[in-house]
K.L.:
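I am attaching a structure below and will ask some questions about it afterwards.
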Amino acid sequence: MIIDGKQIAQQLKEELRGQVAVLTGKYGRKPCLDVIIVGQNPASMSYVKSKIKATEYCGFDGELIQLPEATSQEELLRVIAERNGKDDVDGILVQLPLPKHIDEQTVIEAIAPGKDVDGFHPSNVAGLWLNQPAIVPCTPLGIIALLEQTHVDLGGRHAVIVGRSNIVGKPIAKLLLDKNCTVTIAHSRTKDLAAICRKADILIVAVGRPRMITADMVKQGAIVIDVGINRLEDGRLVGDVDFETVAPIAGAITPVPGGVGPMTITMLMRNTIECYKKRINK
Ligand code: GUN
């Protein structure tokens, strides 16, 4: 079974669009997401364009703020502070990675926690881990939504996550713990990765290494979620999983493109609407 993230994301986006129309009528203002990009990293430019397109589809207001590569950290912090102070801005997203002369953590911490639609601010990270109200990162939310689509009971299942990033690996581990999975986090220093991956009922891969997960690393019937988006020299996009050889073994698998990526964007729309609702109700 191939998990059609594109279609599931589209359905959810249609629902959100309906909600936005109702909310806009009721409160007289659209949700608003501002997206900031520094420099012209081609992958980042492409992601940001998809995010803006989704905001337009859902009926949001918002601005794409394109800053030159040479923008100073001070200037970026000034732009963020200005958006923090605007009452009609609900969400602020700074596309990562940032140029080397800018400290990412400082930038993340400058975003008002209530507008941090990525869920990267320490207040939101703490909230997630302490089971308190928090904005949860979009990719992990999208993965959970895809797993729910398979109607597999997650309780007691062994989930192996390959990758320990703050954006995906760590937060998805917490969400899967909350679903009563037994969770293993593997990473670049893990010994005998293949043996650990073969134990997985649910295998989630977020490392950014093209087709590193091969058929010999996957248990028959496992659910495989591929978070990687890698561009090969010939221009093709492939995941971290070798789809051709793994798909016949997997019980269910996400393709790249058209798997996790579209769900991440849809969850960004959902997080923005949640921020909007909280601000309206204040
Ligand atoms: N770069 C790669 N993934 C993400 C994401 O989810 N949010 C932001 N802001 N930057 C990213």
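Atoms within each ligand, like the ligands themselves, are counted from 1 in listed order. The first residue of the sequence shown is numbered 1, and numbering continues consecutively from there. The basis for the numbers below is simple: all heavy atoms, side chains too, and nothing from hydrogens, waters or symmetry mates.
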K.L.:
Any ion pair linking E15 and R270 (charged N to carboxylate O, less than 4.0 Å)?
P.N.:
no
K.L.:
Salt bridge (charged side-chain N to carboxylate O under 4.0 Å, His left out) for D87 and R279? Distances and angles first, verdict last.
P.N.:
CA-CA 9 Å; D87 239 2; R279 296 169 50 70; 3.6 Å; yes
K.L.:
Would you tabulate the polar-atom pairs, meaning N/O of ligand 1 against N/O of the protein, with distances under 3.5 Å, reported to 0.1 Å?
P.N.:
{"from": "ligand 1", "atom 1": "1 (N)", "to": "Q95", "atom 2": "NE2", "distance (Å)": "3.3"}
{"from": "ligand 1", "atom 1": "1 (N)", "to": "L96", "atom 2": "O", "distance (Å)": "3.0"}
{"from": "ligand 1", "atom 1": "7 (N)", "to": "D118", "atom 2": "OD1", "distance (Å)": "3.0"}
{"from": "ligand 1", "atom 1": "7 (N)", "to": "D118", "atom 2": "OD2", "distance (Å)": "3.4"}
{"from": "ligand 1", "atom 1": "9 (N)", "to": "V94", "atom 2": "O", "distance (Å)": "2.8"}
{"from": "ligand 1", "atom 1": "9 (N)", "to": "D118", "atom 2": "OD2", "distance (Å)": "2.6"}
{"from": "ligand 1", "atom 1": "10 (N)", "to": "L96", "atom 2": "N", "distance (Å)": "3.0"}

K.L.:
With a cutoff of under 4.5 Å between side-chain heavy atoms, which Ile, Leu, Val, Met, Phe, Trp and Tyr residues group with M217?
P.N.:
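Members other than M217 - counting any ILVMFWY side chain reachable under 4.5 Å - are I2, V160, V162, L193, I196, L203, V205, V207, M212, I213, V218, V224, V241, F243, V246, I249, I253.
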K.L.:
What I want to find out is whether R78 reaches E75 closely enough, with some N-O distance under 4.0 Å, to be called a salt bridge.
P.N.:
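So R78 pairs with E75 through a salt bridge.
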K.L.:
Keeping the roles fixed (side chain from T272, backbone from L268), state whether a donor-acceptor pair exists under 3.5 Å.
P.N.:
yes
K.L.:
Rounded to the nearest 0.5 Å, what separates atom CG in N180 from atom CG in D153?
P.N.:
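So the gap between those two atoms works out to 9.0 Å.
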